[in-house]
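Data block below; observations after.
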Protein chains: 2
Amino acid sequence: MYKTSVARATTTSDPFNAIAEPRRRHILELLAGEERSVGDIATALEMEQPSVSKHLQVLRSVGLVTLRHHGRRTMYRTNPEALRTIHDWCGMFSQYWRGQLRRIKAHAEDKR
Amino acid sequence: MYKTSVARATTTSDPFNAIAEPRRRHILELLAGEERSVGDIATALEMEQPSVSKHLQVLRSVGLVTLRHHGRRTMYRTNPEALRTIHDWCGMFSQYWRGQLRRIKAHAEDKR
DNA sequence: CTTATACATTCCTATATGGGAATGAGTCAA
DNA sequence: TTGACTCATTCCCATATAGGAATGTATAAG
């Protein structure tokens with residue numbers, strides 16, 4: 001007999017989770033600095049349109065992309081500011097990897 | 001009638017997915033610059049030991065942490081170098097957010 | 001008004017996986 | 001050897017979610 005479990009936490013409201021999906025990273029890469037329509041993205045990445053729309057919704061819900069309606073088309077662009085959250089978080093560790101590089105370098109020089 | 005689906009791709013072999021889980025980020029934060037045992041982590045973060053072990057396995061599988069056996073204990077430490085992958089990926093967009101800041105600043109100055 | 005275009009949304013299925021509980025495995029002390 | 005510790009692993013369940021198919025909705029064109 002097993003008791004109830006809680007399963008994993010809801011995460012689609014967190015940029016870290018949003019970029020965990022490779023497809024979504026591809027979309028962001030494609031959109032980097034260039035506004036594009038949904039159909040454009042689908043064609044460029046060889047994905048089904050509904051799939052693209054759904055990924056864009058996830059990205060939008062965490063603020064990673066913004067949209068603009070233009071006639072029948074919906075133009076998306078990245079909101080790179082939202083990526084700073086993640087960039088800065090990783091940056092927390094940069095002091096350590098820099099320290100590591102120093103140690104590696106020092107070690108290499110000791111051997112000479 | 002619905003055809004077979006493929007579900008989401010396996011991701012636990014990708015640092016982006018590894019840090020998508022809040023608990024795993026907490027572990028990494030705790031380990032930042034400080035080696036710790038599994039029990040230590042569990043106590044500090046108020047998690048069950050098996051849960052910590054499993055998260056550590058995920059982090060280890062993508063190279064985000066390394067371990068060292070010391071008697072009965074297993075000491076873990078971060079491998080911050082692995083975070084550079086993510087940091088660099090976000091960095092791809094930094095030119096855009098810097099551009100955005102310039103635009104915002106310019107716009108603010110125009111209004112004065 | 002009718003039709004085509006461009007997206008968004010919904011329904012369904014299959015899969016990945018986090019947590020809980022129990023158990024296995026290795027190490028140290030007496 | 002026995003028992004206590006420290007982790008890792010396994011089994012199970014419940015949930016989140018990606019993809020496929022079909023459908024809904026809004027806009028533009030004829």
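FYI, side chains are in, hydrogens and waters are out, and symmetry mates aren't considered; it's all heavy atoms of this structure.
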Heavy-atom nearest pair, A/Ser94 first then A/Gly91, reads OG-O, 2.6 Å

Nearest heavy-atom approach of B/Leu56 to B/Val65 is O-CG2, 3.9 Å

### Query
Hey, is the side chain of B/Arg24 poking within less than 4.0 Å of OP1 or OP2 on C/dG18, counting only N and O atoms?
yes

- prompt: Using a cut-off of less than 4.0 Å, is there contact between a side-chain N or O of B/Arg72 and OP1 or OP2 of C/dA29?
  reply: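 No, outside the criterion.
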
How many whole angstroms separate atom [atom1] of [X] from atom [atom2] of [N]?
{"X": "B/Asp14", "N": "C/dA16", "atom1": "CG", "atom2": "C1'", "result": "14 Å"}
{"X": "B/Arg68", "N": "C/dT27", "atom1": "CZ", "atom2": "P", "result": "15 Å"}
{"X": "B/Met75", "N": "D/dC7", "atom1": "CE", "atom2": "C1'", "result": "13 Å"}
{"X": "B/Arg36", "N": "D/dC7", "atom1": "CZ", "atom2": "C1'", "result": "17 Å"}
{"X": "A/Gln57", "N": "C/dC7", "atom1": "CD", "atom2": "C1'", "result": "10 Å"}
{"X": "A/Arg73", "N": "C/dA8", "atom1": "CZ", "atom2": "P", "result": "12 Å"}
{"X": "A/Leu59", "N": "D/dT17", "atom1": "CG", "atom2": "P", "result": "13 Å"}
{"X": "B/Glu21", "N": "D/dT15", "atom1": "CD", "atom2": "C1'", "result": "12 Å"}

ask   = Are the side chain of A/Asn79 and the backbone N or O of A/Thr66 linked by a donor-acceptor pair below 3.5 Å?
value =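 No: the side chain of A/Asn79 does not pair with the backbone of A/Thr66.
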
message = I'd like to know if the side chain of B/Ser61 reaches the main chain of B/Val58, judged simply by a donor and an acceptor atom lying under 3.5 Å from each other, with no hydrogens or angles considered.
response =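 Answer holds: yes.
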
Nearest-nucleotide check on DNA chain D, A/Arg23 vs B/His69; residue mapping nearer the 5' end is B/His69

| query | So, A/Gln49 versus A/Ser53: side-chain donor-acceptor pair below 3.5 Å or not? | reply |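 Yes.
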
Quick note, A/Tyr76 side chain, CB onward, closest among C/dT17, C/dA8, D/dA8 is C/dA8

Heavy atoms of other groups near A/Arg25 CZ, more than 12 under 6.0 Å:
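Result for CZ/A/Arg25: enclosed.
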
Expected list for residues 46-55 of chain B near DNA chain C, using heavy atoms below 4.0 Å, is B/Glu48, B/Pro50, B/Ser51, B/Lys54, B/His55

Checklist entry - For the side-chain contact (heavy atoms from CB on, under 4.5 Å) test, which of A/Leu45, A/Thr43, A/Val38 pairs with A/Ile41? => result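 Filter result, single survivor: A/Leu45.
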
